[in-house]
Amino acid sequence: MNKLILNFYKLSKNLLKKIYNKKINNNNIKILYNTKFNKIKGDITIILSLSSILEKKKIYKNLGNIILKKYKKNILKYEIKNNYLNFFLKDNYYLNIINFFIKKKININNIINNINNNKKLIIIDFSSPNSNKPLHIGHLRNILIGNTISNIYKKLGYKVIKSQIINDRGIHICKTIISWKLFFNGITPLLYNNIKSDHFVGKLYFKFEKELNKEIKYIYKKYKIKNKKDAIKKSKLLKYANNELIKWENNNKKCIKLWKKINKWVYKGFKKTYKKLNIKFNEILFESKTYIIGKKFIKKGIKKNIFKIDKDKSIYFLFIKKKIILLRKNGTSLYITQEIGTLLYRLKKYKKIYLLIYVVGNEQIFHFKILFKIIKKFNNFIKIKNIYHLSYNTVNFMGKKIKSRYKNNIIYIDDLIKKMNKYVKKKIKNKKKIKKISIGSIKYQFIKINPNKIINFDFKKSLNLKGNNYIYIQYTYARIYSILKKNKIKNKLLKKKNIKFKNNEKNILINIIKYKKILKKSINKYDPSILTKYIYILSKNVNNFYQKNKILNNKNIYIKKLRLNICKIVLKILYNSMKIIDIPIIKKI
RNA sequence: GGUCACGUAGCUCAGUAGGAUAGAGCAACUGCCUUCUAAGCAGUAGGUCACAGGUUCAAAUCCUGUCGUGAUCACCA
C-alpha cells in the first residue's frame, strides 16, 4: 500500500537527478501523510530540501504535473503552499486501502509478510532475577519490555529465544543461607504462616541485611571506625557469608543441600508470579552452571595477556585505566565472570546468533561497556556481531528510588497485583473479569512509557484507569467486536462507487497502513511504547468514527459494508497488537 | 570530576527519524444516551518546548556551552 509513497520518492528522485545531474539522497525528499485533513495541507505532502525558494517552486510545479499525470486515478489535484507540495487524493485511493486488506484476507500476517527474517535468530535475555528475593516492580518493567520486544520480533518473522538467566549463586545467596542458619533454622514457608515461598526467602535476605547494619553500627562504636569499608572488614556476619561462598564454590555437600532447598522455594514463587503475568521463557539458564565456563575462559585470557594477575592474586582487566576485577583474590567469581560464561555457553549452543539483546537496567551501562569491550578483544574467539544492551530507567516508588539490594522498601509484583485487583473490584461490575483487567492495566501502564524515562510509581495514580490505558483499548475492541458479531462479512472486494470518505474514516485508513512501519520502528528503537502509542491513537480514531457514524443501522448497504470492513481491519490490528503486548483480550466488557 | 540518560500545559506523558498554527490523558468547566457497548464522543481553558548560542529555506527535534534532576564510575549481583 505504501507503493504510492515509494513511487513518489522515485519520481522525485528522478526529476532531481535530471535537474542537478548528481545523486540524490532520500534525505533530501520527505513525504508525509497528513492526518489532519485541512483544506490547505491535503492528504499527502512532498517536501524537498532545496536552498532556493524560487527554484523550488518551479521544481514543485514540474513534479506535481508529472505525478498528477501518472496517478490520475488516485490524485485529484496538487497545490503549492510555502515550502510544501500538497496532493489531494481521490476517495478511490481510500477504497483501495480497504481492498488491499481484503485481498490479503484481512490477515495481519499476510500483510506483514517477512519471510526474509525467518532464519535470523534473536536471543533476548530478560528478567534475570537473583534467587534471594521475590520479583519486584523493577523486574516487572524489565520483563514487560523484554517480552514485548520479543513478541514484535516474532511477529516480524524472526526466530526468537526468550531467555532467562537466574543469578542463583554469589554472595547474596550465601547471605540468605547464613540468615536461615542463624535466625530461621528449621523454619519453612509453610511454618511461617504459609507465606508464598519466595517471599519467605526475601525475608531471610533482608533479615541478614538488617542484622549486618546493626553489627556495623556496633563496630563503629567499639573500634571507633568511621569508614564503612573498614567496618565491613571486621564484620563477623560477612565473614560467615564469604566463607559460605568459598564452601559453595568448593562444592561443600551441606552447603549445596541448603542452597538447593532455598532456591527451590524461590523458584516455586517465581513460577507463580510468571504465571500470573503469563510470561513464558524458551530457555532458563543458571549462573551456577555458566560461571564455570567463565572461570575457565579467564585463564585463557591470562595466557593471551589480556587479563592480568594483581599483586594480591586477584585477576583483572584494564579498562580506561581502571582495574576491573574478574576473579577475587580468594578465587571466587563475580557477576562479570558469569556473564562471560553465559555468553560463551549461548554461542556454543546456538552457533549463529543474529542479535543478542540484554534487557538490563541503566545502572548497568558501565558493566555492559566492559563486557562488550572484553568481547571485542577476543574477536577471533567470540564471534558475535550484534550485541545490544537494552537499558531502561528506574521505577521510583512514591518519589523515592527503590534501592532493592539494601532496603526492604520494594514493591513486589505479587503485592501490586493484589492491590490492583482490589481497586478494580471496586470499579467494575463484572466480577469475572477483574483479574484480566487488572493484569492488563498493570502491563499497559508500564509499557506505555518510553524505557528511557523514569517511572514514578504511585498507587493512587497508577490505579487510575482513565485515558491512555488498557481499558480504553479494550473497550474499543469490545465495541467493534460486538458489531462484527452481529453482522459477519466475507472477504469480498468492494466495487468502486462515487462515495465520499469522511475524515474520521480517512484517519483510520491512513493509520492502518502504517502498522508494519510501527512494528519495525519499535524494534529499531528498542521501544515498545511506540506500539502502545499507536494503538491508542488508532483507538481514538475508531471511537470517534464509531460515535459519529452509523454502521449497522446504515440504510445504505454499500456504506454499511464499507464501514464493516474498516471495523474488521481495525479489530485484527488491535487483536494483533494486544497479543504482542500480551494484555488480555476480552470480547465483551 | 568523567560517562550516560532526562528537562515540553498544574500533574503524567506524545511529538510521525528537521517541516506548516505545539499534541493527548488526568484534574477544572460546557454540551451529547428514545439510536450499533456513554468505561465513550464533541468542546472551552491551560505553553517563552530549562537557558544561551550555532547549523539551514525550515529546529521542541541536530551541534556546542550553561543550569537542573537521576544513574554510574568494580572485588554487590
Side-chain angles (χ1 to χ4, degrees), chain A residues 27 30 32-35 38 40-41 45 47-53 56 81-84 86 128-130 132 167 169-173 175 287 310 312 314-317 319-320 322-330 332-336 338-339 361-367 369-370 391 393-394 396 401 405-406 427-429 437 448-456 458 461-462 464-469 471-472 474-476 478-484 486-487 514 517-518 521 524-525 529-530 533-534 536-537 540 543-554 563 567 588-589:
Chain A
N27 297 340
K30 185 153 188 175
L32 310 163
Y33 276 110
N34 296 318
T35 38
N38 77 36
I40 301 164
K41 288 184 181 179
T45 297
I47 306 155
L48 301 178
S49 37
L50 302 168
S51 48
S52 157
I53 298 175
K56 192 183 260 185
K81 273 269 148 64
N82 302 330
N83 283 309
Y84 308 92
N86 297 323
S128 51
N130 296 350
N132 64 332
N167 300 310
R169 61 150 293 284
I171 194 76
H172 56 296
I173 312 298
K175 285 177 178 175
E287 184 184 339
D310 212 351
D312 65 355
S314 61
I315 293 163
Y316 68 88
F317 172 69
F319 180 74
I320 329 177
K322 278 176 188 166
K323 284 179 184 174
I324 310 299
I325 307 294
L326 304 173
L327 281 179
R328 291 192 187 92
K329 57 187 171 187
N330 64 12
T332 55
S333 57
L334 289 142
Y335 184 37
I336 189 104
Q338 169 277 113
E339 204 73 80
N362 68 352
E363 72 275 7
Q364 310 226 14
I365 289 173
F366 188 62
H367 168 82
K369 261 192 184 171
I370 296 164
S391 71
N393 216 323
T394 42
N396 288 358
K401 205 224 157 182
R405 283 180 222 144
Y406 309 111
K427 299 265 167 181
I428 281 156
K429 294 166 198 166
I437 288 170
K448 79 176 182 187
I449 293 171
N450 178 315
N452 274 333
K453 297 226 172 175
I454 294 170
I455 293 183
N456 279 309
D458 188 324
K461 284 177 192 165
S462 298
N464 194 342
L465 299 177
K466 289 183 178 175
N468 179 6
N469 241 313
I471 295 218
Y472 184 77
Q474 175 54 60
Y475 178 70
T476 314
R479 262 184 155 178
I480 312 169
Y481 182 86
S482 86
I483 284 186
L484 288 165
K486 284 170 192 161
N487 200 326
K514 286 180 183 167
K517 209 177 161 189
I518 291 291
K521 198 182 165 190
N524 286 343
K525 288 200 161 188
S529 74
I530 290 169
K533 277 153 208 160
Y534 170 81
Y536 175 60
I537 290 168
K540 275 189 82 161
N543 277 323
N544 179 302
F545 162 79
Y546 181 96
Q547 210 105 5
K548 283 189 175 172
N549 301 322
K550 282 186 180 176
I551 303 167
L552 275 182
N553 299 340
N554 206 307
R563 287 182 179 161
C567 286
K588 227 179 174 185
I589 194 164

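Each chain gets a letter, A, B and so on, in the order its sequence line appears, and its residues count up from 1. These numbers come from the heavy atoms of this one structure, side chains and all, not from hydrogens, waters or symmetry mates.
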**Student:** P atom, U21(B) versus A14(B): distance in rounded Å?
**Tutor:**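 One P to the other, the span is 24 Å.
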**Student:** Taking only residues two or more places apart in sequence or in another chain, which ones pass salt bridge (Lys or Arg N to Asp or Glu O under 4.0 Å) with Lys323(A)?
**Tutor:** Asp310(A)
**Student:** Checking all strands, does Asn450(A) fall into the base, sugar-phosphate, or nothing category for heavy-atom contacts under 4.0 angstrom?
**Tutor:** sugar-phosphate
**Student:** At under 4.0 Å between heavy atoms, what does Glu287(A) touch on the DNA or RNA strands: base, sugar-phosphate, or nothing?
**Tutor:** sugar-phosphate
**Student:** Rounded to whole angstrom, note down the C1' distance from U8(B) over to C51(B).
**Tutor:**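 It comes out at 14 Å once rounded to the nearest Å.
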**Student:** Counting only side-chain nitrogens and oxygens, does Ser482(A) get under 4.0 Å of the OP1 or OP2 atom of U37(B)?
**Tutor:** yes
**Student:** Whether Arg563(A) contacts C36(B) is assessed here as follows: a side-chain N or O lying under 4.0 Å from the phosphate OP1 or OP2. Is that the case?
**Tutor:** no
**Student:** With sugar-phosphate meaning primed atoms plus P, OP1 and OP2, does Asn543(A) contact a base, only sugar-phosphate, or nothing at under 4.0 Å between heavy atoms?
**Tutor:** sugar-phosphate
**Student:** Checking understanding here: a glycosidic angle within 90° of 0 is syn, the rest anti, so what is C57(B)?
**Tutor:** anti
**Student:** What distance, rounded to whole Å, do you find between the two C1' atoms, one in G46(B) and one in A22(B)?
**Tutor:** 13 Å
**Student:** Base, sugar-phosphate, or nothing: which does Ile589(A) touch, judged by heavy atoms less than 4.0 Å apart?
**Tutor:** base
**Student:** Just to be sure I understand the rule, does Ile47(A) reach a base, reach only the sugar-phosphate, or reach nothing, if contact means heavy atoms closer than 4.0 Å?
**Tutor:**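 It contacts base atoms.
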**Student:** Using Watson-Crick and G-U wobble pairs whose two distances are both under 3.5 Å, how do you write the pairing of RNA chain B as dot-bracket, with | for links to another strand?
**Tutor:** (((((((..((((.....[...)))).(((((.......))))).....(((((..]....))))))))))))....
**Student:** For Lys540(A), is there any backbone N or O sitting under 3.5 Å from a side-chain donor or acceptor partner on Asn543(A)?
**Tutor:** no
**Student:** Would you please confirm or rule out a distance under 4.0 Å between OP1 or OP2 of A27(B) and any side-chain N or O of Lys466(A)?
**Tutor:**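 Answer is yes, contact under 4.0 Å.
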**Student:** For G25(B), take OP1 and OP2 only and decide whether either is under 4.0 Å from a side-chain N or O of Lys540(A).
**Tutor:**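 For G25(B), OP1/OP2 do have a side-chain N/O of Lys540(A) under 4.0 Å.
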**Student:** So, OP1 or OP2 of C36(B): does either fall under 4.0 Å of a side-chain N or O from Lys550(A)?
**Tutor:** no
**Student:** Of the nucleotides C75(B), C6(B), G40(B), which one has an atom closest to the side chain of Asn452(A)?
**Tutor:**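 The closest nucleotide is C6(B).
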**Student:** Ring stacking, Tyr475(A) with base of G40(B), under 5.5 Å and under 30°?
**Tutor:**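 No, aromatic ring not over the base.
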**Student:** Ile171(A) near the nucleic acid: base, sugar-phosphate alone, or nothing, with a heavy-atom cut-off under 4.0 Å?
**Tutor:** sugar-phosphate
